[in-house]
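Sequence positions, counted from 1, serve as the residue numbers for this chain.
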Amino acid sequence: QDHPRCLDFLREDLLHVIQYFAKKDVAVPTVRELFDFVTDPAINDDNMEQVLERLSESAEEQAVDLKRVNAQLNALNSADPDAQNDL
């Protein structure tokens, strides 16, 4: 029998893994994407590479989006030092 909070523990562990690699400037998937990957019974040896490729592409897209947003925020903050108070 599974522990009643086993899925919560898994989510926390996945979050820690993602935080670790994100600090190393590695593109990472969302917790939800990684959770779905780990728990999806339809993923098997036959489709593993395809699923990992999609997960990697998603992580790269999110990293690009995050960098774009951060650049825009930095530009706003550079232009108007008081803009940070408005966020």
### Task
For R5, enumerate each residue passing the side chain to side chain donor-acceptor pair (under 3.5 Å) test, keeping only those at least two apart in sequence or located in another chain.
none
#### Entry: All salt bridge (charged side-chain N to carboxylate O under 4.0 Å, His left out) counterparts of R32, not counting sequence neighbours
D36
## Note on the structure
Note: with side-chain heavy atoms under 4.5 Å as the link, the other cluster members for M48 come out as L7, L10, L14, L15, V17, I18, Y20, F21, V26, V28, V31, L34, F35, F37, V38, I43, V51, L52, L55
#### Entry: All side chain to side chain donor-acceptor pair (under 3.5 Å) counterparts of E57, not counting sequence neighbours
none
#### Entry: Partner set under side chain to side chain donor-acceptor pair (under 3.5 Å) for S58, not counting sequence neighbours
E33, Q62
### Task
Can you sort out the partners of E60 under salt bridge (charged side-chain N to carboxylate O under 4.0 Å, His left out), two or more places apart, ordered by chain and number?
none
### Task
Not counting sequence neighbours, which residues clear side-chain contact (heavy atoms from CB on, under 4.5 Å) with N44? List them please.
D46, N47
### Task
Could you tell me whether D25 atom CG has more than 12 heavy atoms of other residues or ligands within 6.0 Å of it?
no
### Task
Go through the structure and list residues passing salt bridge (charged side-chain N to carboxylate O under 4.0 Å, His left out) with R54, not counting sequence neighbours.
none
